[in-house]
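First comes the structure, then the notes that go with it.
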Amino acid sequence: MSRLLVCAPDHFRIDYEINPWMRLSNSVVPDRAKSQWYELMRVLELKAGSSLERMQPVPGLPDLVFTANAGVVVGRKAVPSRFRHPERRREEPYFEAWFRDHGYEVIKLDGGFSFEGAGDLLGFPNAWFGGYRQRSDIGAYPRLSEIFGREIIPVELVDDRFYHLDTCFCPLSGGELLYYPPAFDPYGQAAIADRVGQDRCLVVPESEALRFACNAVCVAKHVILPVGCPETMKLLQARGYETHPIPLDEYVKSGGSAKCLTLALD
Ligand code: ARG
């Protein structure tokens with residue numbers, strides 16, 4: 001069973017440009033964005049068997065839909081994000097309030113570091129990875145490691161199109177990793193291959209990485225990913241995963257896809 005935090009796209013739009021995907025001139029088509037989001041929710045609930053926790057959309061906060069950036073939750077502990085860009089810092093009180101109102105112990109990061117939640121901190125039960133440089137600061141990870149009692153391996157993100165770890169790195173339930181190696185520096189690539197095991201590394205081709213193939217949601221043996229990623233689907237199916245492609249191009253206009261629209265709560 002997986003519980004996911006989501007937020008409906010009532011106010012989703014492109015109001016600013018804080019990553020290379022966003023262009024003010026490339027506006028969101030609200031009806032398409034809504035139907036794509038509802039289709040994602042339908043598949044998450046009915047095909048993957050997830051249960052959804054919905055938070056209230058807020059006018060003027062177009063990126064609140066990307067709940068992966070609310071923070072990181074493990075057990076009853078929640079560490080809310082501290083966004084790099086002022087445009088998204090306005091979301092912090094809403095995510096934090098959601099955690100508090102739902103009974104989480106909210107632990108705030110001190111030291112002025114940026115940290116963008118489950119967009120940048122992802123992992124397997126025995127190895128966590130923390131993306132840094134684009135959005136989160138490497139300095140946030142020692143404290144997060146202490147809070148959660150886990151080792152966190154910091155990995156540098158070197159291509160600004162893959163500005164959050166979850167845009168190029170997707171741990172799967174069976175221990176495999178779906179990822180796009182050139183988004184990492186050579187040290188990061190080596191650290192990942194070493195910790196995950198070369199035989200469990202599934203490398204996504206560039207053309208599909210650019211369609212956000214790695215921004216997939218894995219729930220047990222189900223993987224929900226954007227349409228247009230046939231090679232990635234083959235890699236997944238060969239390992240026994242059931243793939244569910246969904247059109248999510250309205251979210252690519254903002255630099256996101258399936259995984260960014262969810263936050264794992266367990
Ligand atoms: N427009 C948002 C931003 O630039 C997209 C966030 C996508 N979230 C993610 N976890 N990759 O912050």
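First listed ligand is number 1; within each ligand, the first listed atom is number 1.
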_If we check side-chain hydrogen bond (donor to acceptor under 3.5 Å, both in side chains) with S254, which of these qualifies: D63, N26, N19, D15?_
D63
*Pull out every atom of ligand 1 sitting under 4.0 Å from any heavy atom of G119, numbered as shown with elements.*
10 (N)
_Closest to atom 7 (C) of ligand 1 among F212, F12, Y163 (heavy-atom distance)_ = Y163
*Using 30° and 60° as the class limits, which term best fits the ring planes of F66 and F12: parallel, tilted or perpendicular?*
perpendicular
*asked:* For atom 2 (C) of ligand 1, what is the closest protein heavy atom, and at what distance to 0.1 Å?
replied: D63 OD2, 3.3 Å
*Heavy atom under 4.0 Å from ligand 1: found in A68's side chain, backbone, both, or neither?*
side chain
*Record the part of R135 in heavy-atom contact with ligand 1 below 4.0 Å; permitted values are side chain, backbone, both and neither.*
side chain
*So, does R13 use its side chain to make a donor-acceptor pair with the main chain of V28 at under 3.5 Å?*
no
*How far is atom 8 (N) of ligand 1 from its nearest protein heavy atom, and which residue and atom is that?*
N69 OD1, 2.9 Å
_Would you say D159 and Q134 are linked by a side-chain donor-acceptor pair, where the criterion is simply a distance under 3.5 Å?_
no
*Pull out every atom of ligand 1 sitting under 4.0 Å from any heavy atom of I18, numbered as shown with elements.*
3 (C), 4 (O), 12 (O)
_Is the distance between the ring centroids of Y132 and Y141 under 6.0 Å?_
no
*Part of E116 with heavy atoms under 4.0 Å of ligand 1, whether side chain, backbone, both or neither*: neither
*Mind checking whether K259 has a heavy atom under 4.0 Å from ligand 1?*
no
*Is it true that W21 lies under 4.0 Å from ligand 1, counting heavy atoms only?*
no
_Below the 3.5 angstrom mark, is there an N/O of D166, backbone or side chain, next to an N/O of ligand 1?_
yes
*Is it possible for you to check whether R76 lies under 6.0 Å from the centre of the six-membered ring of Y104, through NZ or CZ, and within 45° of that ring's axis?*
yes
_Ring center gap for Y251 and W21 short of 6.0 angstrom_ = no
*Please determine if T167 has a nitrogen or oxygen closer than 3.5 Å to a nitrogen or oxygen of ligand 1.*
no
_No-hydrogen, no-angle side-chain donor-acceptor test under 3.5 Å, Y94 and Q56_ = no
*asked:* As an exercise, identify every atom of ligand 1 less than 4.0 angstrom from a heavy atom of N19.
replied: 1 (N), 3 (C), 4 (O)
_I need the L64 CG to R90 CZ distance, nearest 0.5 Å._
10.5 Å
